[in-house]
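What follows is a set of notes on a single structure, which appears directly below.
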Amino acid sequence: MSSPSPSPSPDSPSEIVPFIAALPKAELHIHLEGSVDADTLWELATQQRSPLFAQGRAAVDALYQTSKFSAFLDAFKVVCLHLQTPDDYELITYRALQRMAAQNVRYAEITLSVGVMVWREQAIDPLFSGVERGARRARRDFAIRAQWIFDAVRHLPLEQGWEVARSAARLTDRGVVGIGIGGNEASGPAENFGAIFEFASQRGLRRVAHAGEAVGPESIWSALRILHAERIGHGLSAAADRGLVEQLAQSRVPVEICLTSNLRTGGISEISRHPLRDYFDAGMHVSLHTDDPALFGVDLNSEYLLAHQVFGFSREELRQLAVNSFEASFLPPNEQMEFLKELAEH
Ligand SMILES: [Zn+2]
């Protein structure tokens with residue numbers, strides 16, 4: 001008589017994958033432009049008969065194989081150059097939200113590179129109308145809700161940052177909830193943006209900053225002290241400064257962790273070297289996000305699976321990461337509470 005086969009452990013791959021898929025999640029660090037997949041970029045290039053179209057489909061696929069920060073920035077720029085009309089923005093917004101909904105993302109705070117739009121001398125409001133149309137259709141079709149963070153670019157002329165803040169302030173009643181900064185930390189320090197963030201804050205916008213992604217912990221300190229950032233994007237280099245880890249843990253300023261992104265842009269040499277586990281165990285408020293999922297070939301569920309497989313996050317810890325994602329959001333408390341109640345029963 002054969003013995004009955006053992007039932008799979010709750011943490012076996014056959015059990016953990018559906019567990020992660022079913023967790024309601026909030027996506028708080030995702031760039032709309034970095035969500036444009038290769039097929040969509042090719043579609044836009046074909047419509048526009050752009051130089052990329054002339055190079056052929058293989059050139060599009062090559063763009064999505066980034067392994068360095070500079071190559072990533074180049075790819076991001078090429079995607080941006082293909083975003084020209086409100087219809088383009090409607091299309092990419094709808095598709096991004098469709099993919100997120102398939103990951104059981106229930107709420108997304110999506111970053112829009114308005115600094116790049118300003119630099120390209122595009123009119124923001126008509127393009128944002130396209131974004132809104134895409135988001136409305138996605139909410140109707142997939143029951144996913146989205147709000148927006150307007151991102152300024154650190155290394156572009158500062159007037160661009162002011163225009164980003166003014167645009168965001170004009171659109172707060174249309175779902176724009178925050179202002180952020182991204183781009184080259186070394187050439188665009190937080191000091192440059194203090195007055196801009198203050199202006200935005202006075203108009204009801206929340207403050208986020210990419211910091212400590214490609215340079216040291218001093219950039220995170222500046223984001224906290226000068227910009228009064230309410231969330232830190234990446235925060236990778238905090239690991240090099242114990243005092244900063246303690247400060248983040250004590251203040252509970254949320255840190256948006258993007259595991260694969262940090263590997264693909266060269267911030268870490270191997271995924272196992274990411275400080276996620278240290279941060280979590282030290283009491284920092286961390287949550288998982290994808291950054292630029294199409295460019296990095298990831299989705300949110302695969303990032304949660306990495307946390308389990310590489311860093312040993314148990315079901316309860318994965319659930320806590322999902323809880324953190326809603327707590328760190330800029331949703332009103334009553335709406336946060338709805339999701340947190342749902343998670344408590346998961
Ligand atoms: Zn980012």
Side-chain angles (χ1 to χ4, degrees), residues 25-37 64 66-80 83 92-93 96 99-100 105 108-117 146-156 161 164 168 176-188 190 193 197 206-215 219-220 223 227 229-238 253-268 274 276 286-300 302-303 306 325 328-330:
K25 292 171 280 284
E27 171 61 283
L28 306 179
H29 190 133
I30 184 166
H31 297 264
L32 182 63
E33 301 82 357
S35 308
V36 175
D37 61 26
Y64 285 72
T66 57
S67 60
K68 285 196 312 220
F69 198 61
S70 57
F72 158 73
L73 289 178
D74 288 344
F76 195 88
K77 187 171 150 195
V78 171
V79 172
C80 289
L83 303 175
I92 66 167
T93 301
R99 273 192 302 276
M100 280 187 260
V105 171
E109 252 156 45
I110 303 177
T111 295
L112 208 55
S113 290
V114 175
V116 175
M117 294 157 87
Q147 298 197 97
W148 307 94
I149 291 170
F150 278 13
D151 220 24
V153 181
R154 284 172 177 268
H155 54 270
L156 289 180
V164 170
V176 178
V177 287
I179 185 167
I181 47 170
N184 190 327
E185 286 176 74
S187 62
F193 291 87
F197 269 52
R206 310 295 293 269
R207 291 165 287 194
V208 300
H210 287 68
E213 179 182 12
V215 305
S219 174
I220 304 169
L227 303 178
E230 297 170 79
R231 283 201 315 250
I232 297 290
H234 297 290
L236 186 61
S237 62
V253 171
V255 177
E256 308 150 357
I257 302 288
C258 308
L259 295 170
T260 302
S261 167
N262 293 156
L263 179 70
R264 291 286 298 275
T265 61
I268 45 172
H274 196 285
L276 168 65
V286 290
S287 50
L288 297 183
H289 307 289
T290 56
D291 207 6
D292 300 283
L295 287 169
F296 300 138
V298 297
D299 60 41
L300 194 52
S302 66
E303 296 293 284
L306 275 179
S325 72
S329 76
F330 298 142

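This is a predicted model, so every value here is computed, not measured. We count ligands from 1, going down the list as the structure has it; atoms in each ligand are counted the same way.
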Inset, instruction - Look at the side chain of Ser35 and the backbone N and O of His31, then say whether any donor-acceptor pair between them is shorter than 3.5 Å. - result: yes

Legend entry - Short N/O/S contact of His234 with the Zn ion (ligand 1) (below 2.8 Å): no

Inset, instruction - Determine, for Arg264 against Asp291, whether the closest basic-nitrogen to carboxylate-oxygen distance falls under 4.0 angstrom. - result: no

Legend entry - Single hit among Val253, Ile149, Val255 for side chain to side chain contact (heavy atoms under 4.5 Å, CB included) with Arg231: Ile149

Inset, instruction - Name whichever N, O or S atom of Asp291 ends up nearest to the Zn ion (ligand 1). - result: OD1

Legend entry - Metal site the Zn ion (ligand 1): N/O/S of Cys258 inside 2.8 Å: no

Inset, instruction - Answer yes if the side chains of Thr290 and Glu303 hold a donor-acceptor pair under 3.5 Å, and no otherwise. - result: no

Legend entry - With the Zn ion (ligand 1) as the apex, the NE2/NE2 angle for His31 and His29 - to 10°: 110°

